[in-house]
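Report on the structure given below.
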Amino acid sequence: MNADIIIIGAGIAGMTAGIYAARAGKSVLIIEGKVLGGQIVESQRVENWPGELAISGEDLSKKVDEQVKKLGVTVVYEVAEDILNDEEGEYEFVIKTDETDYRCDALIIATGTGPRKLSEKKMAEVGNRPVFYCATCDGALYKGKPVVVVGSGNTAKYEVSYLENIASKVYNIHHNEPIPADAEAVFVAIGRIPNTSFLNDLIKLDSDGYVVADENCHTSQPGIFVAGDCRTKSVRQLVTAAADGAVAATEAVRYLG
Ligand SMILES: Cc1cc2nc3c(=O)[nH]c(=O)nc-3n(C[C@H](O)[C@H](O)[C@H](O)COP(=O)(O)OP(=O)(O)OC[C@H]3O[C@@H](n4cnc5c(N)ncnc54)[C@H](O)[C@@H]3O)c2cc1C
């Protein structure tokens with residue numbers, strides 16, 4: 001399927017972009033590599049989404065999904081692997097996924113961030129122990145067992161307090177400290193990195209890999225817009241992701257004329 005606008009990523013930024021682009025009368029395709037809703041699905045309780053006193057990330061994502069589908073937006077579950085200019089000239093861009101090719105005239109990158117991985121040296125120390133990046137998702141597997149959380153920021157602290165209600169013992173170490181011998185699983189919380197490696201040299205990224213963008217969500221390449229946590233910005237939250245989605249889609253519609 002080809003579309004006027006393709007959005008890569010079905011987090012809150014991508015889905016909001018889908019809502020705005022569809023309501024503007026454009027055909028819209030969202031390509032999502034993992035789970036609809038993106039990273040907020042990991043959160044059990046969101047208290048700063050306007051209009052909801054408290055809601056789980058999963059329930060919030062389901063509501064937005066319903067809204068997106070009702071507007072006729074198509075979502076496919078594939079991983080975008082490359083973006084090329086359409087040599088055949090019928091469309092502007094070709095998006096190559098792990099399954100097929102899609103074509104569009106305007107593209108919105110909304111691929112968010114993923115957890116930063118342990119170094120190779122640290123992984124060698126981890127050995128055969130399983131490694132997880134979300135205590136809420138996987139902590140229950142270690143009921144009554146000793147685990148370790150690697151990391152020292154707020155997320156790591158949250159992971160520790162969550163696991164303390166489940167595991168027999170929770171060690172909390174810095175990345176450069178040794179992993180306790182009896183820990184049966186390793187939970188990693190050492191920050192996040194943007195999911196932008198597949199963009200290669202297509203658009204300008206900053207030194208940390210975030211897509212360089214102005215406040216109108218324009219990238220260095222005409223016709224390619226960016227929304228949400230994967231772009232240069234100072235506040236990475238749901239409402240700013242949603243705001244970016246609205247801006248990027250509106251700019252994409254304007255670009256298409
Ligand atoms: C545990 C946790 C709790 C949080 N709590 C809050 C909170 O209470 N309030 C708040 O405001 N914010 C919270 N945040 C932050 C908030 O979740 C993010 O700011 C927001 O979800 C970012 O949305 P996004 O759409 O930009 O990116 P993401 O949610 O990261 O979505 C990006 C999507 O793109 C997909 N993708 C990536 N690469 C590809 C590819 N190559 N091909 C296809 N698809 C791809 C991913 O699978 C993902 O679904 C929390 C984050 C976490 C991790």
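All ligand and atom numbering here is 1-based and tracks the order in the structure. Fair warning: this is a prediction, and the values are worked out from it, not measured in the lab.
- Using a 4.0 Å cut-off between heavy atoms, T155 makes no contact with ligand 1 at all.
- For a threshold of 3.5 Å applied to N or O pairs, the pair formed by V239 and ligand 1 contains no separation below that value.
- Atoms of ligand 1 found under 4.0 Å from any heavy atom of N195 (numbered from 1 in listed order, with element): 37 (C), 38 (N).
- In the candidate list L199, T196, L238, I12, L238 is nearest to atom 16 (C) of ligand 1, counting heavy atoms.
- With ligand atoms numbered from 1 in the order given, ligand 1 contributes 32 (C), 33 (C), 34 (O) to contacts under 4.0 Å with heavy atoms of A110.
- At a 4.0 Å heavy-atom cut-off, ligand 1 touches T111 through backbone and side chain alike.
- Of all the atoms in ligand 1, the ones that sit under 4.0 Å from a non-hydrogen atom of E78 are 43 (C).
- Within ligand 1, the atoms closer than 4.0 Å to a non-hydrogen atom of T113 are 30 (O), numbered from 1 in the order shown.
- K63 and E66 are not joined by a salt bridge, as no carboxylate oxygen comes within less than 4.0 angstrom of a charged side-chain nitrogen.
- Residue Q237 has at least one nitrogen or oxygen atom sitting less than 3.5 Å from a nitrogen or oxygen atom of ligand 1, judged on distance alone.
- Contact of the Y210 side chain with the T113 side chain is registered, since non-hydrogen atoms from C-beta on lie closer than 4.5 Å.
- Summary of contacts: the protein heavy atom closest to atom 3 (C) of ligand 1 is S43 CB, 3.6 Å.
- Nearest protein neighbour of atom 25 (O) of ligand 1, counting heavy atoms only, is A13 N, 2.9 Å.
- Near I31, meaning under 4.0 Å from any of its heavy atoms, are these atoms of ligand 1: 43 (C), 44 (N).
- No single ILVMFWY cluster, assembled from side-chain heavy atoms under 4.5 Å apart, contains both V126 and F187.
- Counting the atoms of ligand 1 from 1 in the order shown, those under 4.0 Å from a heavy atom of V35 are 49 (O).
- In summary, the side chains of T100 and E78 do not present any donor paired with an acceptor at a separation below 3.5 Å, with no hydrogens or angles considered.
- Under the 6.0 Å distance and 45° angle rule, R116 does not count as a cation-pi partner of Y133.
- Taking only nitrogen or oxygen atoms, main chain and side chain alike, V79 does not reach within less than 3.5 Å of ligand 1.
- The pair R45-E47 meets the salt-bridge criterion, with a side-chain N (NZ, NE, NH1 or NH2) lying under 4.0 Å from an Asp/Glu carboxylate O.
- Summary of contacts: the protein heavy atom closest to atom 31 (O) of ligand 1 is G11 CA, 3.4 Å.
- Atoms of ligand 1 found under 4.0 Å from any heavy atom of G9 (numbered from 1 in listed order, with element): 33 (C), 34 (O), 35 (C).
- Across V226, L205, D214, L107, a single residue satisfies side chain to side chain contact (heavy atoms under 4.5 Å, CB included) together with T219, and that is V226.
- Closest to atom 46 (C) of ligand 1 by heavy atom, among E32, R231, E47, K34, is E32.
- Considering both main-chain and side-chain atoms, E42 never comes within under 3.5 Å of ligand 1 through any nitrogen or oxygen pair.
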#### Entry: Working for side chain to side chain donor-acceptor pair (under 3.5 Å), residues Q237 and N48
CA-CA 9 Å; Q237 287 280 283; N48 56 2; 3.0 Å; yes

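- Of all protein heavy atoms, the one closest to atom 7 (C) of ligand 1 is N48 OD1, 3.8 Å.
- Taking 4.0 Å as the cut-off, E81 does not count as a neighbour of ligand 1 on heavy-atom distance.
- Shortest contact from atom 5 (N) of ligand 1 to any protein heavy atom: I40 CD1, 3.6 Å.
- Two rings, from F132 and Y142, have their centers less than 6.0 Å apart.
- Across D206 and V212, no two heavy atoms sit closer than the pair N-CG2, 3.6 Å.
- What sits closest to atom 27 (O) of ligand 1 on the protein, heavy atoms only, is G112 CA, 3.3 Å.
- The shortest N or O to N or O distance between V46 and ligand 1 is not under 3.5 Å.
- When side chains are defined from C-beta on, D208 does not count as touching I193, because their heavy atoms never get closer than 4.5 Å.
- Here NZ of K143 is found 12.0 Å from CG of L141. Values are rounded to the nearest 0.5 Å.
- Ion pair R103/E88 flagged as a salt bridge, since at least one NZ, NE, NH1 or NH2 atom sits closer than 4.0 Å to an Asp/Glu carboxylate oxygen.
- The protein heavy atom nearest to atom 53 (C) of ligand 1 is Q39 OE1, 3.6 Å.
- Ionic pairing of D182 and K169 is not present here: no N-O contact between side-chain nitrogen and carboxylate oxygen is shorter than 4.0 angstrom.
- In the vicinity of G33, heavy-atom distances shorter than 4.0 Å reach the ligand 1 atoms 43 (C), 44 (N), 45 (C).
- Counting non-hydrogen atoms of other residues, nucleotides and ligands closer than 6.0 Å to CD of E90 gives a total of 12 or fewer.
- Within the 4.0 Å heavy-atom criterion, the part of A241 lying near ligand 1 is the side chain and not the backbone.
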### Message
side chain to side chain donor-acceptor pair (under 3.5 Å) for D229 and Q39? Distances and angles first, verdict last.
### Response
CA-CA 10 Å; D229 281 15; Q39 56 182 284; 3.3 Å; yes

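- In terms of polar-atom proximity, defined here as any N/O pair under 3.5 Å, D229 does make such a contact with ligand 1.
- Residue-to-ligand polar distances keep R45 apart from ligand 1: every N/O pair is separated by 3.5 Å or more.
- Closest protein heavy atom to atom 41 (N) of ligand 1: A80 O, 3.0 Å.
- Side-chain atoms of D4 and S27 include a donor-acceptor pair closer than 3.5 Å.
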